[in-house]
> 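Take a look at this one; I'll ask things after.
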Amino acid sequence: MNYTKCWLEYPRICDETGKTLTAACLLTGTVAWRAVEELRLGLEGLYGLTLETTAEQTADITLDCDPRMHPEGYNIRVYQGRCTIVSGGERGALYGAFALLRQLQMEQCAWEELTWEGKGRPANPMRVLNHWDDLDGSIERGYAGQSFFFRDNEVLVNDRTVAYARLAASVGVNCVVLNNVNVRGAANQLISRRYYEPLREIQKILASYGITMYLCVNFAAPMELGGLDSADPCDDRVLQWWKDKASEVWGSLPGLGGFMVKADSEGQPGPSAYGRTHADGANLLGEAVAPYGGKVIWRCFVYNCQQDWRDTKTDRAKAGYDFFAPLDGKFRDNVVLQIKNGPMDFQVREPVSPLFGGLKHTNMMLEVQVAQEYTGQQRHVCYLIPWFRQVLNQDMHCCEGPSTVADLVSGRSYGNTCCGMAAVANTGDDPNWTGHDLAAANLYGFGRLAYDTTLTGEEIAKEWLRLTFGKTPLVEETLLHILMASWPVYESYTAPLGIGWMVNPNHHYGPNVDGYEYARWGTYHRADHKGLGVDRTSSGTGYCSQYTPELAAEYENLETCPDELALFFHHLDYTYRLKSGKTVLQHIYDTHFDGAEQAAAFLTLVEGLEPLLPQPVYQRLHERFRHQKEHSCEWRDVINTYFFRKSGIPDAQGRTIYP
Ligand code: GCV
């Protein structure tokens, strides 16, 4: 095995070797079997205990079923060495087993000493990991090695597949999309006889951990794969092709969750080629997969990527809403729209997409990115869970009842069940799965948050640290501090005040203020000698008006627009005074000096942990934090110099800004 178990290591808490516990499992099926197996593994690791299964009513641990409960929910009672896990179904039993093992590690007590009542019930019906893995083994926006699903156009199935499924299930993930949304080359053939057999193997492994597999498909598959001359969703031949294909696919992969589609986006084909809408396109597939209980996850990341920078009226931020809000109510019940958290693209700071407030009769899912494409690419530390929590907490004021993003995507607002949260995964075949050891906190955190949206970023970080590093107070305190500071620190030395981008084109790493300024991607900062920012108010692009009135007014008005989004919504002079009392320019200088200083402090803190961490972990962390320290200085200097040169205004504190 050349990979770690991450937070499932189960290091010894106290030695009870020689003792045996019994477990009775009143549920049947492979997922329930995994639950017992996990308890066996966990108790062996944590205490050296042996777990034997029994049919006796007097077992130490009983896994029971209550059909009145949610199938993925559980109630746990532990007292004086006796434990019952009652769940609504097998998945609930598995999540209950993981929750019990988590609690034992949080409390660090002997088995007989744990007194605890715990409950779980998923906030979101669908909790999805999206892998952008290509069949050749590369991963689009992957920062942790190569794919462990695909290599050289073959599907990989091995012990790592099992280890992955276990990690995902341990945090409540219940759906996995195996391949990249950009479906190219051999990936077109995933829905053909060439790949069904190994895919069935992966599907079986995932299913044994309660995870449903999905595949990304190419909207033009009838042409790419079927030899038709069209993929027009309103052409009967096309519908028939998809129906036949679905019958073949589900015949070979029964239990497949469905298809995910990126259509009419960044060069991917879609219904617009035939003058059809996204509803026409999504419903075509929805109809084809419906007989098998299949779903269609349709992405809303649609915008004009051939924009002219001279055109200041077209605003990429408006595109998602413009395309999809008018189609509200026109999608089939088995179609779910997947919406990125912000209107642009996973920047370190963006407002929440107005589309969440614009759909009332359509299934929707929130998409976040734990792959750190724009947030340090797993070379800088950037713990994203507090950010996701803010996104979930955002009230869209779009209906009478509960209307936060968490309410909307969980189905609580409008009573739907085909919805939830998805994350672009940050895994690869690196030994530690995520490149940066601390990036695993994002993977862990996404699952935990998607299952329980009331958890805070800090609670999740504490859990992850305890499970990953055991109980070593200095390690836990130090890394908690770093994790919790990491997102604000990353934000402070990169693009300021919500404006985003300023990265090198294509690979998106490192500072390049004008990298996208004259490009076709619609991501501009509009800096000149007087100021910067995009006017998205009614006097500018009009984007603000896509929000419901409360939010529209908040963002439109500079008095109420939060400082951290000031440049996303407004074009401001460098001398404009923010609510913080600082001018825009001085804010830029101060945050960049401060951010780089804090990145340097992270390195010093990590160096203090050397004697307490396993050497390979320390070495990996040290290498990354050293790089972050240097690279944050590069960011600081490029950004500060750029704005000093544009404005001619020096730093009020006289620090070094290169001329
Ligand atoms: C998979 C961004 C990324 C692309 C990605 C796209 C998407 O533009 O840079 O690599 O494509 O988002 O979400 O589809």
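Whatever order the structure lists ligands and atoms in, that order sets their numbers, starting from 1.
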> Can you list every pair where an N/O of ligand 1 is under 3.5 Å from an N/O on the protein?
unit_1, atom_1, unit_2, atom_2, d
ligand 1, 8 (O), E266, OE1, 3.4
ligand 1, 8 (O), E266, OE2, 2.9
ligand 1, 8 (O), D345, OD2, 3.0
ligand 1, 9 (O), R141, NE, 3.0
ligand 1, 9 (O), R141, NH2, 3.0
ligand 1, 9 (O), E373, OE2, 2.6
ligand 1, 10 (O), E140, OE2, 2.5
ligand 1, 10 (O), R141, NE, 2.9
ligand 1, 11 (O), E140, OE2, 3.2
ligand 1, 11 (O), N182, ND2, 3.1
ligand 1, 11 (O), K262, NZ, 3.2
ligand 1, 12 (O), K340, NZ, 3.1
ligand 1, 13 (O), R299, NH1, 3.4
ligand 1, 13 (O), R299, NH2, 2.7
ligand 1, 13 (O), K340, NZ, 2.6
ligand 1, 14 (O), K262, NZ, 2.6
ligand 1, 14 (O), R299, NH1, 2.8

> How far apart are the C-alpha atoms of H380 and Y493, what are their side-chain angles, what is the distance that settles it, and do they pass the ring pair (Phe, Tyr, Trp, His ring centres under 6.0 Å) test?
CA-CA 12 Å; H380 295 229; Y493 59 75; 5.8 Å; yes
> Does the cation-pi check pass for R526 over W309, that is, NZ or CZ under 6.0 Å from the six-membered ring centre and within 45° of its axis?
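No; the conditions do not both hold, so R526 does not lie above the ring face of W309.
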> One thing to verify: whether D315 and R536 come together as a salt bridge, which I'm taking to mean a side-chain N less than 4.0 angstrom from a carboxylate O.
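Between D315 and R536 there is a salt bridge, with a charged N closer than 4.0 Å to a carboxylate O.
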> Are the aromatic ring centres of H631 and Y509 under 6.0 angstrom apart?
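That pair passes the under 6.0 Å test.
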> Only counting residues at least two apart or in another chain, list the ones meeting ring-ring contact (aromatic ring centres under 6.0 Å, His included) with Y303.
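Per chain and number, Y303 pairs via ring-ring contact (aromatic ring centres under 6.0 Å, His included) with F301.
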> I'd like to know if R151 and D429 make a salt bridge, using a cut-off of under 4.0 Å between side-chain N and carboxylate O.
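The answer is yes: the pair qualifies as a salt bridge.
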